[in-house]
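For reference, the structure discussed in these notes is given below.
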Amino acid sequence: METINKDILIRAKAGDLGAFEYILSFYEKAVYNYCLRILKNTHNATDVAQDTFIKVYTHRKSIDPSKNIKTWIFTIATNTAYDLLRGKKRKNEISLDENNETNSNFETYYSKKEEGLVSDINQALEQINSEYKNALLLFYQQGFQYQEIADILEMPINTVKTHISRGREQLKDKLKEYGKN
């Protein structure tokens with residue numbers, strides 16, 4: 001897994017705009033795709049991704065060059081996305097575009113032959129428990145280790161392992177329904 005070197009983190013922490021822009025460009029797409037999978041809406045995903053990096057910049061003095069900044073950024077993205085969802089739930093808002101925006105950019109990497117399976121996986125992911133889905137996305141889509149996921153989702157590592165295991169099982173069961181095991 002490619003990471004940002006400590007020198008860039010130290011410079012960003014000190015307020016170097018060029019270093020911060022490098023961090024932004026390094027993680028921007030991954031954060032957006034992750035937010036899109038949680039929020040199922042391109043507009044909301046864009047807003048949350050932008051808010052995430054505004055918060056990263058605002059709190060840049062909290063950057064610890066000895067730690068993985070990706071974990072910190074994804075923690076902020078997760079909390080910002082959940083804050084938006086909680087706010088929408090309180091207001092009982094729904095998105096008219098929600099069904100049209102659930103597919104991630106991952107599909108562009110698959111051939112036409114595999115699109116059916118990708119579509120089935122995306123549909124199955126939307127039907128499993130959201131806590132399990134988030135743990136699966138962080139593990140498989142973003143490549144985080146169990147401890148990093150535990151830090152991001154603010155839960156014990158054994159709970160993360162359980163969520164990933166149960167998420168796999170739910171996903172497997174849903175895919176069986178589609179005849180794609």
Side-chain angles (χ1 to χ4, degrees), residues 1-91 93 95 97-98 101-110 122 125 130-131 133-157 159-161 163-164 167:
M1 179 190 315
E2 191 177 345
T3 59
I4 295 178
N5 72 44
K6 289 182 181 182
D7 179 54
I8 292 173
L9 297 178
I10 291 167
R11 289 181 18 225
K13 182 176 182 169
D16 182 329
L17 193 55
F20 178 76
E21 287 174 352
Y22 180 81
I23 293 169
L24 172 76
S25 67
F26 196 84
Y27 291 115
E28 181 177 36
K29 186 175 181 181
V31 168
Y32 169 79
N33 284 334
Y34 175 66
C35 292
L36 182 60
R37 294 306 298 252
I38 293 173
L39 301 167
K40 304 176 209 141
N41 177 289
T42 56
H43 177 72
N44 289 342
T46 300
D47 287 350
V48 169
Q50 288 174 352
D51 287 349
T52 296
F53 286 105
I54 290 169
K55 290 175 183 179
V56 169
Y57 184 76
T58 302
H59 297 95
R60 67 188 175 278
K61 295 203 183 293
S62 300
I63 293 174
D64 184 346
S66 67
K67 294 186 179 175
N68 185 348
I69 192 169
K70 184 177 179 184
T71 303
W72 184 58
I73 291 170
F74 274 78
T75 300
I76 293 169
T78 300
N79 291 336
T80 304
Y82 286 163
D83 288 346
L84 178 73
L85 290 173
R86 279 190 291 272
K88 284 185 172 289
K89 195 178 256 187
R90 279 192 292 270
K91 294 178 184 175
E93 291 181 12
S95 169
D97 297 327
E98 191 170 286
E101 301 187 26
T102 58
N103 295 328
S104 75
N105 292 335
F106 286 161
E107 293 184 30
T108 59
Y109 299 116
Y110 294 95
N122 284 333
L125 269 171
S130 65
E131 290 178 327
K133 178 178 84 169
N134 292 340
L136 287 173
L137 290 173
L138 289 168
F139 187 74
Y140 289 108
Q141 180 187 31
Q142 300 302 327
F144 283 110
Q145 301 298 315
Y146 291 128
Q147 185 59 56
E148 293 170 318
I149 297 169
D151 293 342
I152 290 168
L153 298 178
E154 299 174 345
M155 61 179 58
I157 192 167
T159 304
V160 168
K161 291 177 182 179
H163 284 191
I164 290 172

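Below, each value reflects all heavy atoms present in this structure, side chains not excepted, and no hydrogens, waters or symmetry copies.
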Heavy-atom pair of closest approach, residues Leu39 and Ala81: CD2-O, 3.8 Å
side-chain contact (heavy atoms from CB on, under 4.5 Å) against Glu131, all qualifying residues, sequence neighbours excluded: Asn129, His163
Verdict with reasoning, Lys55 to Thr52, per side-chain contact (heavy atoms from CB on, under 4.5 Å): CA-CA 5 Å; Lys55 290 175 183 179; Thr52 296; 5.9 Å; no
side-chain contact (heavy atoms from CB on, under 4.5 Å), that's the test. Do Asp16 and Tyr22 meet it? Break it down for me. CA-CA 10 Å; Asp16 182 329; Tyr22 180 81; over 6 Å; no
Which atom of Ala135 lies closest to which atom of Ile149, heavy atoms considered: O-CD1, 4.0 Å
Point-to-point distance, once rounded to the nearest 0.5 Å, from NZ of Lys6 to NZ of Lys67: 12.0 Å
Quick one: CD on Glu28 to CD on Gln50, what's the gap to the nearest 0.5 Å? 8.5 Å
Are the side chains of Tyr27 and Ile69 in touch, meaning some heavy atoms are under 4.5 Å apart? yes
Quick one: closest heavy-atom pair of Tyr32 and Ala45, and the distance? CE1-CB, 3.7 Å
Could you measure the distance from the CZ atom of Arg11 to the CD1 atom of Ile8? Nearest 0.5 Å is fine. 6.0 Å
Heavy atoms, side chains only, cut-off 4.5 Å: are Asn79 and Glu154 in contact? yes
CD1 on Ile4 to CD1 on Ile73, rounded to 0.5 Å: 6.5 Å
Just to verify, which of Thr71, Val31, Asp51, Val56 counts as forming a side-chain contact (heavy atoms from CB on, under 4.5 Å) with Ile76? Val56
Heavy-atom nearest pair, Ala49 first then Cys35, reads N-SG, 4.3 Å
The criterion is ring-ring contact (aromatic ring centres under 6.0 Å, His included); which residues satisfy it with Tyr146, sequence neighbours excluded? Phe139
Exercise: identify the closest heavy-atom pair between Val48 and Ala77: CG1-O, 3.9 Å
Say you draw a straight line from CD1 of Ile152 to CG of Asn134; how long is it, rounded to the nearest 0.5 Å? 10.5 Å
Is a side-chain donor or acceptor of Lys70 paired with a backbone partner of Glu148 at a separation under 3.5 angstrom? no
Under the side-chain contact (heavy atoms from CB on, under 4.5 Å) rule, what do Ile10 and Lys13 come out as? Steps first, then yes or no, please. CA-CA 5 Å; Ile10 291 167; Lys13 182 176 182 169; 5.7 Å; no
Would a 4.5 Å heavy-atom cut-off, applied to side chains only, mark Leu136 and Lys133 as touching? no
Do Leu9 and Ile23 pass the side-chain contact (heavy atoms from CB on, under 4.5 Å) test, and can you show the C-alpha distance, the side-chain angles, and the key distance before you say yes or no? CA-CA 8 Å; Leu9 297 178; Ile23 293 169; 3.8 Å; yes
Can you name the nearest heavy-atom pair linking Ala12 to Ala19, along with the distance? N-CB, 3.6 Å
Taking ring-ring contact (aromatic ring centres under 6.0 Å, His included) as the cut-off, I'd like each qualifying pair that reaches into residues 54-76, sequence neighbours left out, listed once. Phe20-Tyr57, Tyr34-Phe74, Phe74-Phe144
Quick one: pull up OG1 in Thr159 and CD1 in Ile164 and give me the separation to the nearest 0.5 Å. 11.0 Å
